[in-house]
Amino acid sequence: MNRKNDDRNAYTVNYNPELLHVPVTESNARVEAAMAAHRVSFVRRLFPNEEDRVVRAHELDQINSGFEFRRRALQMAVETKLQAMEEMCNHVLVTGKSEIRRQRQEFFADQRLRLQVAMNDCADRFNQDLERRLVDLERYKNPYLREREEQRLLALVDQLHAMLAQLAEDFLSIIQEGVHR
């Protein structure tokens, strides 16, 4: 058996010596080319010829276009995320605002009713007290004093109604978010 293998190897070497020589030669040539390129690249980097400058310029263009592509892709991704966040925030604001508006309207309607009840109670108490005072005017013997007191009481009526009207107006102004004071 050994003889057959030896015969095959002998045939390969004896009749076809370039079969072994080609891969070794090719490999040696590649190593030498890489070594030469490495040695020459330092000198060429210091003193590049026109061909090296053109190659280097094209390499820089490729690198720049790659970076520009990545920058634009990143910018698009960021803009997309920002737009999605903005839409989500707008949705939350719209739904939240409508609920807040409803609660605010209910609150102000309730407060308007309370204010009206309080103003009516105040006016009723004032009117009862005023009626009692007008009846008491009869005890004044001096007509001038009686007339002056009656004018004062009637002026108080006008002042009270003006004050109640102003309170109602101020409250409506607050509701309409136009407070001027």
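Note that the numbering runs from 1 along the sequence shown for the chain.
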*Between atom CG of L82 and atom CE of M85, what is the distance when rounded to the nearest 0.5 Å?*
7.0 Å
*Using salt bridge (Lys or Arg N to Asp or Glu O under 4.0 Å) as the criterion, list what pairs up with R70, not counting sequence neighbours.*
none
*Please collect all salt bridge (charged side-chain N to carboxylate O under 4.0 Å, His left out) contacts where either partner lies in residues 141-151, sequence neighbours excluded, each pair once.*
E149-R152
*Do side-chain atoms of D110 reach the backbone of E106 as a donor and acceptor pair under 3.5 angstrom?*
no
*Could you state the interatomic distance from CD (E86) to CG (L93), rounded to the nearest 0.5 Å?*
10.5 Å
*Are the side chain of S173 and the backbone of E169 linked by a donor-acceptor contact shorter than 3.5 Å?*
no
*So, are R125 and D121 salt-bridged, with charged N and O less than 4.0 Å apart?*
no
*With Q111, which residues qualify under side chain to side chain contact (heavy atoms under 4.5 Å, CB included), at least two apart?*
F107, R114, F171
*R112 and Q116 side chains, donor-acceptor separation under 3.5 Å*: yes
*Taking atom CZ of F108 and atom CG of L172, what is their separation to the nearest 0.5 Å?*
10.5 Å
*From F67 atom CZ to R72 atom CZ, the distance as rounded to the nearest 0.5 Å*: 14.0 Å
_Looking at every heavy atom in both A168 and L115, which two are closest together, and how far apart are they?_
CA-CD2, 4.5 Å
*Please answer: with hydrophobic residues joined when any side-chain heavy atoms are less than 4.5 Å apart, are L164 and L154 in the same cluster?*
no
_Distance check, rounded to the nearest 0.5 Å: D129 atom CG versus L156 atom CG?_
9.5 Å
*Nearest heavy-atom pair of L160 and C122: which atoms, and what distance?*
CD1-SG, 4.4 Å
_Distance-only polar pair, side chains of D170 and Q166, donor-acceptor under 3.5 Å_ = yes
*Examine the side chains of R71 and Q75 and answer whether a donor and an acceptor come within less than 3.5 Å of each other.*
yes
*Under 3.5 Å side-chain donor-acceptor pair for E79 and Q83*: no
*How long is the span from the CG atom in L153 to the CG atom in L137, to the nearest 0.5 Å?*
6.0 Å
